[in-house]
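Notes follow the structure.
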Amino acid sequence: MAKLPAIGKISAEVFNELIFPHLGAENPDVLVGPQHGVDVGIVRIGNKAVAITTDPVFIVPEYGWHRAAWFAIHILASDAVTSGLAPTYLVIDLNLPMMMTEDALSAVWTTIDQECRKMGIAIVSGHTARYENCNFPMVGGATVFAVGELESYVSPRFARAGDKIIITKGPAIEACGIFAAMFPKLLLREFGKEFAQKAEGLFYKMSVVEDALTAVKVGVRENGITALHDATECGVLGGVYELAQAANLGVRIDKGRIVVEDCVDKICRFFKIDPYKAISEGTLIITCREHKAEKVVEALRAKQIKSSIVGELVEPRFGMILIEDNKEKPLEHPTVDPFWQAFYEARQNYEKLEQS
């Protein structure tokens, strides 16, 4: 039997062996069920498609309460919008640590409320309490519902060979955004004040809500976008691999065509991680019919979102191919995200710096 990872998400092998065979009762109204590499489930309710996703409520006090809450709600909404539908309802459970104060809760909740208003999300139910043995950053869970027309959702099942692959923002957005928010003095000492301040701006790129909702306005399925995937753990390369695998297709991508945000290369070299394999919440992987790919890039550019066409889906027999330095090699799933080990080492170094 496949083993659980030391930390982080389970592997595709564990999912396929342990989770996937046991999914409760069958229901014909399930349009998109659980699948490794797919961020959202979709069901038919009446004449509507309802996308549903759930995740921990992830609050990191070190970010500052307002920034931590922004990140928490955008993580949740970012998975929902990979359905191609706008997030509509939120159910949230807050199991707060005993050290959570009224002022901290007020800052977190008002930020969640403000961001939900901006995104058009109504908070419809929940639970809030403080308990012993609860701790940051996992302080509960939440479910986001996105509601739309049956012909408006997207899924890897609509993807086909020849679809172009578009990537927004590029690699290691989350890794670098977190490093910049958590360890500003390390970046300040290494690169100077201007760089450190610019790097902190990456934090607010850790959302794919605007990316996804902008892309689908160009068109969906035969007229545009076929699938969307948020590149979280194992980053851009892992995300592309997962999307192709979910579509039962191969892929051919050119690493050199992937856009890269300012500061990312230097931060990743400093913390000694491969940016293309590192966690990248905020990076959206898009598959799109060839005739609409350029229009999607143009629409994203109009919103000041960097993106580029980096390759295409291919027939399964051609496999997973990565072009790097004009040479073809197999695209393999990273399986282990380098961010976590680098983060723990950086935290130790930062504590030493703070004490000195």
Side-chain angles (χ1 to χ4, degrees), residues 9 39-41 50-97 100-130 134-148 168-169 173-178 180-182 200-216 228-233 279-284 303 305:
K9 290 183 180 179
D39 302 308
V40 64
V50 180
I52 307 168
T53 184
T54 191
D55 248 333
V57 176
F58 194 84
I59 300 289
V60 183
E62 291 88 343
Y63 296 165
W65 295 118
H66 292 288
R67 193 158 58 173
W70 181 94
F71 182 50
I73 190 62
H74 276 270
I75 288 177
L76 294 161
S78 287
D79 274 356
V81 296
T82 63
S83 65
L85 307 177
T88 314
Y89 304 112
L90 172 70
V91 176
I92 187 166
D93 166 38
L94 296 177
N95 300 324
L96 303 171
M100 188 77 165
T101 66
E102 285 186 18
D103 286 345
L105 178 58
S106 176
V108 166
W109 191 250
T110 54
T111 301
I112 289 175
D113 168 62
Q114 289 166 5
E115 292 305 312
C116 283
R117 289 175 185 271
K118 291 176 186 177
M119 291 184 282
I121 299 172
I123 302 170
V124 296
S125 184
H127 171 91
T128 307
R130 292 196 301 175
C134 292
N135 208 347
F136 299 111
M138 306 293 190
V139 296
T143 299
V144 180
F145 299 81
V147 181
T168 72
K169 300 186 185 119
I173 297 300
E174 183 175 359
C176 292
I178 290 174
M182 290 289 291
E200 283 201 62
L202 288 169
F203 190 94
Y204 288 104
K205 293 184 183 291
M206 291 192 290
S207 170
V208 300
V209 174
E210 188 173 29
D211 310 37
L213 297 182
T214 298
V216 296
L228 302 168
H229 187 35
D230 189 10
T232 50
E233 288 203 41
I279 192 165
S280 197
E281 175 79 44
T283 298
L284 185 64
K303 293 285 188 176
I305 299 169

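Numbering starts at 1 and runs along the sequence shown.
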Between [X] (side chain) and [Y] (backbone), is there a donor-acceptor pair under 3.5 Å?
X: Thr88; Y: Val147; answer: yes
X: Asp230; Y: Val208; answer: no
X: Lys303; Y: Glu210; answer: no
X: Thr54; Y: Gly141; answer: no
X: Thr168; Y: Leu284; answer: yes

**Request:** Could you walk me through whether Asp93 and Val57 pass side chain to side chain contact (heavy atoms under 4.5 Å, CB included), step by step?
**Result:** CA-CA 8 Å; Asp93 166 38; Val57 176; over 6 Å; no
For [X] and [Y], work out which heavy atoms get closest and say how close.
X: Val81; Y: Pro87; value: CG1-CD, 3.4 Å
X: Arg130; Y: Pro97; value: CD-O, 3.5 Å
X: Glu200; Y: Ala181; value: OE1-CA, 4.5 Å
X: Val60; Y: Pro137; value: CG2-CB, 4.0 Å
X: Ala146; Y: Ala80; value: CB-O, 4.4 Å
X: Ala72; Y: Ile59; value: CB-CD1, 3.7 Å

side-chain hydrogen bond (donor to acceptor under 3.5 Å, both in side chains) partners of [X], counting only residues at least two apart:
X: Thr232; answer: Lys9
X: Asp113; answer: Arg117
X: Thr111; answer: His66
X: Glu281; answer: Ser78

**Item:** Candidates Val91, Leu90, Ile121 - the one meeting side chain to side chain contact (heavy atoms under 4.5 Å, CB included) with Phe145
**Value:**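 So, applying the side chain to side chain contact (heavy atoms under 4.5 Å, CB included) to Phe145 and each of Val91, Leu90, Ile121, only Val91 qualifies.
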**Worked check of side chain to side chain contact (heavy atoms under 4.5 Å, CB included) between Val40 and Asp79** = CA-CA 6 Å; Val40 64; Asp79 274 356; 5.7 Å; no
**Item:** Note, His127 side chain near Asn95 side chain (heavy atom, < 4.5 Å)
**Value:**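 Yes, their side chains come closer than 4.5 Å.
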**Request:** Could you tell me whether the side chain of Leu228 reaches within less than 4.5 Å of the side chain of Val216, counting heavy atoms only?
**Result:**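 Heavy-atom side-chain distance check passes, below 4.5 Å.
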Working to the nearest 0.5 angstrom, can you tell me the gap between [X] [atom1] and [Y] [atom2]?
X: Ile73; Y: Ser207; atom1: CD1; atom2: OG; value: 10.0 Å
X: Ser280; Y: Met206; atom1: OG; atom2: CE; value: 10.0 Å
X: Met100; Y: Leu105; atom1: CE; atom2: CG; value: 5.0 Å
X: His74; Y: Lys205; atom1: NE2; atom2: NZ; value: 13.5 Å
X: Thr214; Y: Ile305; atom1: OG1; atom2: CD1; value: 4.5 Å
X: Tyr63; Y: Ile178; atom1: OH; atom2: CD1; value: 3.5 Å

**Request:** Only counting residues at least two apart or in another chain, list the ones meeting ring-ring contact (aromatic ring centres under 6.0 Å, His included) with Trp65.
**Result:**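 By the ring-ring contact (aromatic ring centres under 6.0 Å, His included) rule, Trp65 matches Phe136.
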**Request:** Report the C-alpha distance between Phe203 and Trp70 in whole Å, list the side-chain angles of each, state the deciding distance to 0.1 Å, and finish with yes or no for side chain to side chain contact (heavy atoms under 4.5 Å, CB included).
**Result:** CA-CA 10 Å; Phe203 190 94; Trp70 181 94; 4.0 Å; yes
**Request:** Given side chain to side chain contact (heavy atoms under 4.5 Å, CB included), test Thr53 with Thr82 step by step and report yes or no.
**Result:** CA-CA 10 Å; Thr53 184; Thr82 63; over 6 Å; no
**Asked** By side-chain contact (heavy atoms from CB on, under 4.5 Å), which residues pair with Lys118, not counting sequence neighbours?
**Response**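 For Lys118 the side-chain contact (heavy atoms from CB on, under 4.5 Å) partners, ignoring immediate neighbours, are Glu115.
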